[in-house]
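From a predicted model like this one, the values you see are computed outputs, not experimental measurements. Within every chain, numbering begins at 1; the chains are lettered A, B, ... in the order of the sequence lines, protein sequences first and strands thereafter.
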Protein chains: 2
Amino acid sequence: MSIKDPRAAGLASLAGLIADRTRAACLLALLDGRAWTAGELARHAGVAASTLSEHLGKLVAGGLLAEERQGRHRYVRLAGARVAQLVEDLAAQVPPAEAGQPARTLRESSADSAMARGRTCYDHLAGRLGIAVTDALTLRGLLRQDTGFALTDAGVEWFRTAGVPLDLSGRRSPARACLDWTERRPHLAGAAGAALCRHALDVGWCVRIGSGRAVKVTASGERVLGSLLGIPPSALR
Amino acid sequence: MSIKDPRAAGLASLAGLIADRTRAACLLALLDGRAWTAGELARHAGVAASTLSEHLGKLVAGGLLAEERQGRHRYVRLAGARVAQLVEDLAAQVPPAEAGQPARTLRESSADSAMARGRTCYDHLAGRLGIAVTDALTLRGLLRQDTGFALTDAGVEWFRTAGVPLDLSGRRSPARACLDWTERRPHLAGAAGAALCRHALDVGWCVRIGSGRAVKVTASGERVLGSLLGIPPSALR
DNA sequence: CCGACATTTCGGCACCGGCCGAACCGTCCT
DNA sequence: AGGACGGTTCGGCCGGTGCCGAAATGTCGG
């Protein structure tokens, strides 16, 4: 272990990919689960396109991002759920003091409040919406958090009857907690969280707002969440 | 979010603490959960004491390490379970290609095989021992991994009857999966894993080998694990 | 009080890595 | 074909940071 530890080198180089303001900003932006073009990210991060191009090269080479080239555009997205979880976990460690700060402009403030109400966190629901769903599942005995974090048998049955296609056979964690950084509480992630989010968007329980990661619950979604999980509309506002 | 994102800065600086070979080596060494002196770490990492002193300063300032000064010694340890989990998660992402490599000397090879047999991973059991316990719990319906990762009611009862003091009331995750980097499979971590490990060491089911993080099961431990969990002695060798 | 020892502070050095603008290469549109 | 536009490559600048050895600080044991 002493002089040359390949594990330490690997750990350091992985962390090194994230240890840059600009790349960190990209990773956080990509946490919405969508694919961004290089130009969008450059504008977002406030650096020259050339600079960002080099950053993307490193992130792709390091396996954190997957790229997809379409004509003159280069789309990148997080390479997978593992990477998303890693970035989330790391971001969750950042002390709120360094993270916080009130919004500055009216436009930003409004965007912030929409995000706080409901958003996607890579491939699952977060914000007050994510918390409300998670709490409702827990309260109804469908998800147990007191001895770990897992769906109950009744929970699996609930997914079936609600028509949410749930595949627990993959290598991916069936259900895990993801710390919500606006609510500072855990919400449902993993295969179950992703299935629920996908289904909710597919059948119109909620829709994306504009081009960002914010989502809002539709009128029909409000009814469904009320009848299936007993979530009062007030918890979604 | 655009020009100056405090969250990105925080994420980058946190990652930056880990993004150095020497500091990474320290963090991995400290994953054994014990407190090391600055000198020990310097020798372990193969750098001058003065160099390491500066690294420790950064890690402590960044909240990753806690220090305890005793006379002319400076003991450091991981600041808590959250940090340990973070380092584990990050290390688990490192592709095995970069991590692996066969042992070099006979001494190291023997130490490696002892570690593969059983060791502590911060505050819980890992290696074949950790996997054997986790698998046995799962097989007997005490731990469920099919819909998440949580103890069952029978599992909580098992801890009680086995005399393992289990406190699920804290803020800490009651049970979570930790990816074992020799076995490449999840083992029990979190409050339950820590309680089990502490109890096993307290009552002599296993003992530490030398000064490292390797542990071995005692004769009495073998009997107890056999009768309480049905673990065959062959799974512990 | 003295010598041994652990740790820290301080220069100073070398290197790495992020940033930019300019030039270049493709693709798309008209 | 020509111009607009997205992305990349290149050269050069600059700041940050890891490293060391030497000297300083502090502690322990006589």
Checklist line | Spacing between B/Leu52 atom CG and D/dC20 atom C1', to the nearest angstrom | finding: 13 Å
Note to self: Regarding B/Arg77 and B/Glu68, does a basic nitrogen lie under 4.0 Å from an acidic carboxylate oxygen?
What the structure shows: yes
Notebook entry, point to check: Rounded to the nearest Å, what distance is computed from the CG atom of residue A/Leu59 to the P atom of nucleotide D/dT8?
Noted result: 13 Å
Checklist line | Check: B/Arg119/B/Thr182 side-chain N/O donor and acceptor closer than 3.5 Å | finding: yes
Next item on the list: Specify whether A/His199 and A/Trp205 have parallel, tilted or perpendicular ring planes, treating 30° as the upper limit for parallel and 60° as the lower limit for perpendicular.
Entry: perpendicular
Next item on the list: First locate atom CZ of B/Arg23, then atom NZ of B/Lys58, and finally report the distance between them rounded to the nearest 0.5 Å.
Entry: 5.0 Å
Notebook entry, point to check: Is there a residue in residues 66-78 of chain B whose heavy atoms reach under 4.0 Å of DNA chain D, and which residues are they?
Noted result: B/Gly71, B/Arg72
Notebook entry, point to check: Could you state the CG-P distance from B/Leu56 to D/dC19, rounded to the nearest angstrom?
Noted result: 12 Å
Item checked: B/Lys216 side, atom NZ; B/Cys206 side, atom SG - distance, nearest 0.5 Å -> 10.0 Å
Item checked: Steps toward salt bridge (Lys or Arg N to Asp or Glu O under 4.0 Å) verdict (A/Asp32, A/Arg34) -> CA-CA 6 Å; A/Asp32 69 354; A/Arg34 297 176 312 137; 2.8 Å; yes
Notebook entry, point to check: Whole Å only: how far is the CD1 atom of B/Ile18 from the P atom of D/dG18?
Noted result: 13 Å
Note to self: For a quick check of understanding: with a heavy-atom distance under 4.0 Å over all strands, which category does A/Ala49 fall into, base, sugar-phosphate or nothing?
What the structure shows: base
Margin query: Looking at D/dT8, I'd like to know if its phosphate oxygens (OP1 or OP2) sit under 4.0 Å from a side-chain N or O belonging to A/Ser53.
Written below: yes
Notebook entry, point to check: What are the bounds, 5' to 3', of the part of DNA chain C that sits under 4.0 Å from heavy atoms of chain A?
Noted result: C/dG18 to C/dC28
Check: Near B/Arg172 CZ, under 6.0 Å, is it more than 12 heavy atoms from other residues, nucleotides or ligands?
Finding: yes
Notebook entry, point to check: Is there a donor-acceptor pair under 3.5 Å between the side chain of B/Glu40 and the backbone N or O of B/Thr37?
Noted result: yes
Note to self: So for B/Thr22 and D/dG18, does any side-chain atom that can act as donor or acceptor lie under 3.5 Å from a complementary atom in the base?
What the structure shows: no
Check: Are A/Thr120 and A/Arg208 close enough that a side-chain donor and a side-chain acceptor fall under 3.5 Å?
Finding: yes
Item checked: Earlier contact from the 5' end, DNA chain C, for A/Ala19 and A/Ser50 -> A/Ala19
